[in-house]
> 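Submitted below is the structure of interest, expressed as structure tokens.
Quick note: numbers below take in every heavy atom, side chains included, and nothing from hydrogens, waters or symmetry partners.
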Amino acid sequence: MTIQHLTPSSMFGANGLSRWLASARAGLAVCTACLVLALQPGRAHAEALYTKDGAFDVHTVRGLAEKLAKQPYKAPAKVPETLDKLSYDEYRAIRFRPDRAVWANQDLPYRMQMFLSGFYYKEPVEIAVVQGGQARHLRYQPSMFTVEPPAQVTLPEQDVGFSGLRLHTQLNEPNIWDELLVFQGASYFRSLGKNQGWGLSARGLTLRTGAAEGEEFPMFRAFWVEQPRSQTNLITVHALLDSPSVTGAYQFIVRPGDETVMDVRATLFPRTELKDVGLAPGTSMFYFAANDRLGVDDFRPQVHDSDGLLMINGRNERLWRPLANPSKLQISAFVDSSPIGFGLMQRDRNFANYQDLEAHYERRPSLWVEPQGDWGDGEVVLVEIPTESEVHDNIVAFWRPGQPLPAGKPYEFSYRLSWGVGPRTKFGEVRVDATRVGRAEVASPTPRRLFVIDYAVPRDGSPLPDELPKAELSASVGETSNVNVRRHPLIDGYRVSFELDPKNEQLVELRLSLEMPDKRAAETWVYRWTPE
């Protein structure tokens, strides 16, 4: 059997280095003999603050988080200086040995590897394996890693912890162990579905994203990974979250497949009142596309990990918001109550629209969030950060509760994450297929903008109505004109075009909906236009 070993650069394509570093700055198995030593009863290690040997159940991490929240925040110990000063190339050359993977010599559906602490991952995390209701601390050992040139460092002997973990499974082909799930850097984690490549990330929590006073990055301080059973592809990971403002207990129940599904249960224990908190956040990259190519000098038609924010609000209305790379930070909030779902989508799956043989953006996963239970009042928040390169994750989307979370009061919530192609559109429903924007005059430059929106209709065999739908267009300011609706036979759908005269306004909110003659459902297109 072979293990598909992905370096940070291969995870993100040709320009993965800087992007991986940006995620790191933002916050972003064992051989049988060694595992037996690590799991032997009575071999507790003084280095373990959280993942101590002993009984473990679903209440263990919650109890730790609650206790930790009543204590003043204490930053984790830093890694030894020899690991702290590693360069990227040196860090990359220190690899976990696949033959030392947890469960490598057992007939189980998963194998687990750990990441070395060091480089930009300066805060070590603790890891434990849970079996039969007993947790056993996994002790770092230098023999777990190989050190290759250009790295010349001598790895420490003491238990310095790890910087994260990754799980492999036979996702795409028998006997090929693909990376399925990675936890590394603050509260970041990422996954993917079958036949997909690495793309956007999720986080456990966001605090003050986009705020002038700066963002706070909670981190997972410890993980407990339950040993999987041989007869199922399910695996469960528990995590302890900590930051100056909040602690938390998380449980991730993971099932891989065409869509890799995670059921997430979390309890937060705020140390202080949380006024700007983001639940179920996703973090992605949008550089340019057909709706946003101003100033772009690139051979590729578009470059992005996600091209839109999809929302199904509490009224069961589907909203599609194409992403943008603005010249200034912009934050959009979509007020809702009891949302059905939201997420950052990679809707365009056509290689011809990317032309990138290394990055293969058409294979990047979408991330769909389905709240479990009633999340009440709040808003879906979209943060778009200017970027001059594809190496930076500049898009964040999350749910912000309508009321601050009070200090000292537990806050429970749960949701489902689906990593794949996004929620399926029902046959006959009309969805936005593409958004294109350019100047409205062919002969000369003009401030007026031409918008072209294509709608596709997944067919169930029944013909589309002969009568064209009616377009209802609104703009917050400025003036719209020349609204036109026609059939688009190449995609078996419709094309809607219109012009916008911004009238010197610096921001225009647009909304377009289709009223179908046979009353079938159609997505509502929403867009924020800015001059740059």
> Starting at CG of L309, measure out to OG of S284 and round the result to the nearest 0.5 Å.
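That separation rounds to 11.0 Å.
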> Is there a donor-acceptor contact under 3.5 Å linking the side chains of N172 and D178?
yes
> Give the intermediate values and the outcome of salt bridge (charged side-chain N to carboxylate O under 4.0 Å, His left out) for residues D454 and R436.
CA-CA 9 Å; D454 289 341; R436 299 176 177 88; 2.9 Å; yes
> Does one side chain, of R364 or Q346, offer a donor that lies under 3.5 Å from an acceptor on the other?
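Their side chains do not contain a donor-acceptor pair, so the 3.5 Å distance test is not met.
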> For N353 and D348, test the side chains for any donor-to-acceptor distance below 3.5 angstrom and give the result as yes or no.
yes
> Using every non-hydrogen atom in the two residues, find where P109 and T169 come nearest and quote the distance to one decimal.
O-OG1, 2.7 Å
> Would the number of heavy atoms belonging to other residues, nucleotides or ligands and lying under 6.0 Å from CD of Q231 be above 12?
yes
> Less than 6.0 angstrom from the centroid, inside 45 degrees of the normal: does R111 satisfy that with respect to the ring of W177?
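Yes, cation above the ring, under 6.0 Å and within 45°.
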> Determine, step by step, whether R321 and E384 satisfy the salt bridge (charged side-chain N to carboxylate O under 4.0 Å, His left out) criterion, reporting the C-alpha distance in whole Å, the side-chain angles of both residues, the deciding distance to 0.1 Å, and the verdict.
CA-CA 12 Å; R321 164 63 153 79; E384 295 166 302; 3.0 Å; yes
> Between E362 and H360, does a side chain to side chain donor-acceptor pair (under 3.5 Å) hold up when you go through it step by step?
CA-CA 5 Å; E362 75 280 358; H360 281 288; 2.6 Å; yes
> Counting N and O atoms only, with roles assigned by atom type, does the side chain of Q302 sit under 3.5 Å from a partner on the main chain of Y354, one being a donor and the other an acceptor?
no
> Just how far is it from atom CZ of R265 to atom NE2 of H238, taken to the nearest 0.5 Å?
9.5 Å
> Side-chain donor-acceptor pair under 3.5 Å between H304 and E390, yes or no?
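No.
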> Test salt bridge (charged side-chain N to carboxylate O under 4.0 Å, His left out) on R528 and E509 and set out the steps.
CA-CA 5 Å; R528 173 177 286 184; E509 299 284 2; 2.7 Å; yes
> List the atom of A128, the atom of T51, and the distance in Å for their closest heavy-atom pair.
CB-CB, 3.6 Å
> Aromatic rings F217 and Y188: how do their planes relate, parallel, tilted or perpendicular, breaks at 30° and 60°?
parallel
> Hydrogens and angles aside, do D377 and S337 bring a side-chain donor and acceptor to less than 3.5 Å of each other?
yes
> Could you measure the distance from the CH2 atom of W399 to the CG atom of L279? Nearest 0.5 Å is fine.
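Going from the CH2 atom of W399 to the CG atom of L279 covers 9.0 Å.
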> May I ask you to check whether over 12 heavy atoms, not counting those of R208, lie within 6.0 Å of atom CZ?
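More than 12 heavy atoms, drawn from other residues, nucleotides or ligands, come within 6.0 Å of this atom.
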> Return yes if a side-chain donor-acceptor contact under 3.5 Å exists between S414 and Q372, otherwise no.
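There is no such pair (donor and acceptor under 3.5 Å, judged by atom type) between the side chains of S414 and Q372.
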> Shortest non-hydrogen contact from E215 to L207?
CG-O, 3.1 Å
> Answer yes or no: is there a donor N or O on one side and an acceptor on the other, between the side chain of N394 and the main chain of F286, under 3.5 Å?
yes
> Checking R300 against D356 for the salt bridge (charged side-chain N to carboxylate O under 4.0 Å, His left out) test, could you report, in this order, the C-alpha distance in whole Å, the side-chain angles of both residues, the deciding distance, and whether it holds?
CA-CA 7 Å; R300 297 164 295 181; D356 195 321; 2.7 Å; yes
> Would you please classify the geometry between the F145 ring and the F162 ring as parallel, tilted or perpendicular, with 30° and 60° separating the classes?
tilted
> At their closest point, which heavy atom of L200 faces which heavy atom of S366, and how far apart are they?
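It is CD2-C, 4.3 Å.
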> Supply the atom-to-atom distance L323 CG to T435 OG1, rounded to the nearest 0.5 angstrom.
10.0 Å
> Going through the checks in order, is the side-chain contact (heavy atoms from CB on, under 4.5 Å) test met by L241 and S187?
CA-CA 8 Å; L241 184 99; S187 67; 3.8 Å; yes
> With a cut-off of under 6.0 Å to the ring centre and 45° to the axis, is R416 in cation-pi contact with W368?
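Checked: cation-pi criterion not met.
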> Show the nearest heavy-atom pair for residues S191 and P365, with the distance to one decimal.
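That would be O-CG, 3.9 Å.
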> Quick one, V396 with R203, criterion side-chain contact (heavy atoms from CB on, under 4.5 Å). Give me CA distance, side-chain angles, the key distance, then yes/no.
CA-CA 10 Å; V396 187; R203 290 194 242 173; 3.8 Å; yes
> State, without any angle test, whether Q196 and R363 hold a side-chain donor-acceptor pair at a distance under 3.5 Å.
no
> Any side-chain to backbone donor/acceptor pair from T524 onto S513? Under 3.5 Å, distance only.
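No: the side chain of T524 does not pair with the backbone of S513.
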> Counting only N and O atoms by type, is there a donor-acceptor contact under 3.5 Å from the side chain of D57 to the main-chain atoms of T60?
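Yes, because the side chain of D57 sits within donor-acceptor range (under 3.5 Å) of the backbone of T60.
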> Over 60° means perpendicular and under 30° means parallel, so tell me whether F252 and Y250 are parallel, tilted or perpendicular.
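Answer is parallel, since the angle falls under 30°.
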> About how many Å separate CZ of F96 and OG1 of T146, when rounded to the nearest 0.5 Å?
10.5 Å
> Quick one: does any side-chain atom of D242 pair with a main-chain N or O of R221 as donor and acceptor, under 3.5 Å?
no
> With respect to E523, which candidate in R511, R431, R347 satisfies the salt bridge (charged side-chain N to carboxylate O under 4.0 Å, His left out) definition?
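Going through R511, R431, R347 one by one, the salt bridge (charged side-chain N to carboxylate O under 4.0 Å, His left out) with E523 is satisfied by R347 alone.
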> Tell me yes or no: between the side chains of H392 and T387, is some donor less than 3.5 Å from an acceptor?
no
> Pick out which of V254, L417, L181 makes a side-chain contact (heavy atoms from CB on, under 4.5 Å) with T260.
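That would be V254.
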> Show the numbers, then the answer: is there a ring pair (Phe, Tyr, Trp, His ring centres under 6.0 Å) between Y494 and Y455?
CA-CA 5 Å; Y494 303 98; Y455 290 84; 7.7 Å; no
> When you look at Y527 and N291, which way does the side chain to side chain donor-acceptor pair (under 3.5 Å) test go after all the steps?
CA-CA 10 Å; Y527 196 85; N291 65 302; 3.2 Å; yes
> Identify the residue among I127, V129, T236, V61 that makes a side-chain contact (heavy atoms from CB on, under 4.5 Å) with W224.
V61
> Out of F183, F220, F189, which one pairs with L165 under the side-chain contact (heavy atoms from CB on, under 4.5 Å) rule?
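Single pass found, and it is F183.
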> Drop me the distance from S306's OG to L344's CG, to the nearest 0.5 angstrom.
5.0 Å
> Would D374 and S338 count as having a side-chain donor-acceptor pair, cut-off 3.5 Å?
yes
> Determine the minimum heavy-atom distance between E259 and V421, stating which atoms define it.
OE2-N, 2.9 Å
> Would you please name every residue forming a salt bridge (charged side-chain N to carboxylate O under 4.0 Å, His left out) with R229, sequence neighbours left out?
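Per chain and number, R229 pairs via salt bridge (charged side-chain N to carboxylate O under 4.0 Å, His left out) with no residue.
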